Amino acid sequence: MALWFNKHLNKLMYTSGALIIIGLIFMFAGLPVIRDVTFVLATLIGIGPIIQRAWSALTVKSFSIELLITIAVAGALFIQEYTEGAIVTFLFLFGAFLEKRTLAKTRSSIQSLLDMAPDTARVIREGDIVEIDIDEVEVGDTVIVQPGGKIPVDGTIIKGKAQINESAISGESVLQNKTLEDEVFSGSIIDSGYIELEAVKVGEDTTFSKIIELVEEASERKSGTEKFLNRFAQYYTPGIVVLAILVAAITQNIHLAITFLVIACPGALIIGAPVAYVAGIGNSAKKGVLVKGGETIDQFAKIDTVIFDKTGTLTEGRPSVTSVAVYNGMDEDELLALSASLEQVSEHHLGRTIIKEADDRKLDDRFKVENAEAIKARGVSGVIEGDKYYIGNKKLIDEQNINVSDGILEDYISEQKEGRTAMFITKNDEVIGLISIMDRIKEDALEAVRTLRDKGAKKLVMLTGDNRYAAEKVANILGLDEFHAELLPDEKMAYIEEEQAAKRKVMMVGDGINDAPALALSDVGVAIGHGGTDIAMETADVVLMSEKLSKLAIGYTMSKSTFNVMLQNTAIALLTVVLLLLGVVYGYIHLASGMLIHQASVLAVIINAMRLMPMNRKDNEAEVAAKEATV
């Protein structure tokens, strides 16, 4: 029955409206009996969907707005106020129609994401190219994508090159040049070129599928405000019924009591918050910022302390070797090859940088390492041809009681002061080399930091495991309030706990891998997704689907705008109810006019929320300013 009413809602509304017009014609023609018949028919036709919704709510022990309307219309028929009964039901149907249309509009950002999802894929099967349903693609399949085609899976390019639009993933419309061994993501579109790729993630495991899943889940998650309003409605509705009975008993005016029932409906109050969150979350997702629900919006908007990781967050996360110093007469390439051999067991970005440098120099002759061990937040160790080697930071050298000569120490400090990270290489307790690595600050980091401060962030801090000199240089360039260097993961968490104990609302921004514990502990954890790592999506409250920090500024601004719209909608709804009740008391508002104003308030909060759908001008300014900073 619910499906039938929903399907034929428009027809019922049009029929009810037509009968009301006919009734008015007969009224002016002086035929009150026919007028009353048409108004009763209009009421009976219009009341069906209202009764159905009221009954559905009652079956789950919920007192809905529709229940108030049903009681009020029944009362209007009882006291033979046929005109107002017909108009109230029509206005409710008309309001439901407008609500449905405008709510669909607010969800258009989410729907546009769904529309980007590819339906089919062209794969090579048994030497032939065949087009199959997207759900039939398997990991390891060779997938072909031609110009203008959507990439159907996450994968690695094994043939060809192309310019690819990844706006469905990152929110950035700038074309990305992709070639052999580069990663590509489902939902991206080839602008020019041709590629063949090996499917790595298919179906629900693709990055794009996870984005859609997260956005849909976020739209369903209730914020604290929404939960409160839902609980409020459970007590408010029966309370209004009791008050209406008291009004009828005291005034002996049934018409006034029925009017009181209709006027007190909290429709705009109940719908005002959800529609704002849906619009805000959907639009943020289109811009490459995944916000996990209304509760996160609320927390995000209240943040006053922002804590950044350094590498991969404020810096590009793609460090390079700037120099190799040798102190034992060994050849530079030989020392680099030895270091790369040791770093094979490390997952740290600095270790991977050394390996990449050795690969770039085509140093294929690696050393056989025995008893290799990664030392957390320090470096690595291993045995090569019976000699014990370490490669790592100053803490590792100090803990191993390895002596560092004054000359080497001066070289180390000089490199650090230049903002480079210097790593010691030791052999049998003797320093034999220094490898210096540098990571550039992101081009949009400074503008993003300024935007966050302008939007209300009072304290901006950097926590890093890197050396003090490199951290100080980055902090000074970006104008941060504090920095703390050479920290272990548990020390970062301790700092966050101290800030929270001081009653600050803390946001942690990291890469979603090394900083997962800190992201989970903070009030809002923001992960820079690097194309959508699984750990980033699982751990963080907000995921930036781009490495650009301008996305953080946009997400922060959008959350504040969404929170403000939610507050505005709540104020509109409460003010409308108060003014209507005063109008009833003083005789200015009657049943039909009250219902019209009530529906207008519902429409007003929806339209107010629709302002969030296109990026607000200020949000665009934040994005443009960040881009201009890169020029």
Side-chain angles (χ1 to χ4, degrees), residues 156 181 183 200 309-312 317-328 330-402 404 412 420-439 464-467 470 486-492 510-517 530 533-536:
T156 304
E181 298 185 3
E183 286 185 311
V200 176
D309 175 43
K310 174 178 166 285
T311 304
R318 290 184 290 273
S320 59
V321 173
T322 57
S323 65
V324 179
V326 184
Y327 302 111
N328 70 338
M330 183 183 290
D331 178 78
E332 180 180 306
D333 283 351
E334 186 180 2
L335 178 66
L336 188 61
L338 182 146
S339 302
S341 301
L342 288 165
E343 290 288 2
Q344 292 294 333
V345 298
S346 174
E347 290 297 325
H348 196 277
H349 63 276
L350 295 180
R352 309 319 295 178
T353 301
I354 292 173
I355 293 173
K356 183 179 183 301
E357 179 67 17
D359 290 340
D360 290 345
R361 295 192 187 190
K362 300 190 181 338
L363 304 178
D364 299 325
D365 294 330
R366 300 295 168 84
F367 293 78
K368 183 179 180 181
V369 182
E370 298 176 347
N371 302 321
E373 178 186 3
I375 305 170
K376 187 176 182 181
R378 302 289 195 275
V380 298
S381 67
V383 176
I384 299 175
E385 298 179 356
D387 295 314
K388 181 73 171 181
Y389 289 88
Y390 286 100
I391 176 169
N393 57 24
K394 187 67 164 56
K395 278 188 177 181
L396 176 63
I397 302 306
D398 292 340
E399 289 174 359
Q400 298 302 321
N401 297 314
I402 297 173
V404 182
Y412 168 77
R420 294 186 276 269
T421 299
M423 301 176 68
F424 292 92
I425 301 95
T426 71
K427 175 183 179 182
N428 297 331
D429 298 336
E430 176 189 356
V431 177
I432 63 172
L434 276 178
I435 295 180
S436 296
I437 296 173
M438 190 168 186
D439 192 7
T464 178
D466 207 346
N467 72 82
E486 301 177 10
L487 298 181
L488 297 174
D490 58 336
E491 291 174 321
K492 292 183 180 181
D511 62 10
I513 302 173
N514 298 325
D515 297 306
H530 299 293
T533 58
D534 293 341
I535 188 68

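This is a predicted model, so every value here is computed, not measured.
When every heavy atom of Ala340 is checked against every heavy atom of Ile355, the shortest pair comes out as O-CG1, 3.8 Å. Taking both residues in full, the closest heavy atoms of Arg352 and Glu343 are given as NH1-O, 3.7 Å, listed atom of the first, atom of the second, then distance. Smallest separation of non-hydrogen atoms from Ala422 and Leu434: CB-CD2, 4.3 Å. Closest heavy-atom contact between Ala372 and Val345: CB-CG1, 3.4 Å. Contact record, Leu335 with Ala325: CD2-O, 3.7 Å, taken as the closest heavy-atom pair. Minimum heavy-atom separation, Gly382 to Val369: CA-CG1, 4.0 Å.
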* Given side-chain contact (heavy atoms from CB on, under 4.5 Å), test Glu430 with Asn428 step by step and report yes or no. => CA-CA 6 Å; Glu430 176 189 356; Asn428 297 331; 5.9 Å; no

* To do: Test side-chain contact (heavy atoms from CB on, under 4.5 Å) on Met438 and Thr421 and set out the steps.
  => CA-CA 6 Å; Met438 190 168 186; Thr421 299; over 6 Å; no

* To do: Verify salt bridge (Lys or Arg N to Asp or Glu O under 4.0 Å) between Lys310 and Asp439, making sure each step is shown before the conclusion.
  => CA-CA 10 Å; Lys310 174 178 166 285; Asp439 192 7; 5.4 Å; no

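Applying the ring pair (Phe, Tyr, Trp, His ring centres under 6.0 Å) rule to Tyr389 yields no partners; only residues at least two apart in sequence or on another chain are considered. Shown here are the side chain to side chain donor-acceptor pair (under 3.5 Å) partners of Arg366, two or more places apart in sequence or in another chain: Asp359. For the salt bridge (Lys or Arg N to Asp or Glu O under 4.0 Å) test, no residue two or more places apart in sequence or in another chain qualifies with Asp331.
Looking at heavy atoms from C-beta onward, Ser436 lies out of side-chain contact with Val321 at the 4.5 angstrom threshold. At least one side-chain heavy atom of Glu334 sits under 4.5 Å from a side-chain heavy atom of Phe367. Side-chain atoms of Leu342 and Ile384, non-hydrogen and from C-beta on, do get closer than 4.5 Å to each other. Residues Lys427 and Met330 form no side-chain contact, since every pair of their non-hydrogen atoms from C-beta on lies 4.5 Å or further apart. For the pair Leu396 and Tyr390, the minimum side-chain heavy-atom distance is below 4.5 Å. Residues Thr156 and Val200 have side chains in contact (heavy-atom distance under 4.5 Å, counting atoms from C-beta outward). Residues Met423 and Asn393 have side chains not in contact (no heavy-atom distance under 4.5 Å, counting atoms from C-beta outward). With a 4.5 Å cut-off on side-chain heavy atoms, Ile402 and Val431 count as touching.
One finds the OG atom of Ser346 at 9.0 Å from the CD1 atom of Ile391 (value rounded to the nearest 0.5 Å). In this structure, Glu332 CD and Ile435 CD1 are separated by 9.0 Å, a value rounded to the nearest 0.5 Å. How far CD1 of Ile425 is from CG of Leu338: 8.5 Å, rounded to the nearest 0.5 Å. Separation of atoms CD1 (Ile437) and OG (Ser320) is listed at 8.5 Å; rounding is to 0.5 Å.
The distance between the ring centers of Phe424 and Tyr412 falls below 6.0 angstrom.
The pair Lys388-Asp429 fails the salt-bridge criterion, with no side-chain N (NZ, NE, NH1 or NH2) lying under 4.0 Å from an Asp/Glu carboxylate O. We find that Glu399 and Arg378 are joined by a salt bridge, their nearest charged nitrogen and carboxylate oxygen being less than 4.0 Å apart.
Residue Val404 is tested with Asp398, Thr426, Ile397 for a side-chain contact (heavy atoms from CB on, under 4.5 Å); the sole match is Ile397.
For NZ of Lys395, the number of neighbouring non-hydrogen atoms (other residues, nucleotides, ligands) closer than 6.0 Å is greater than 12.
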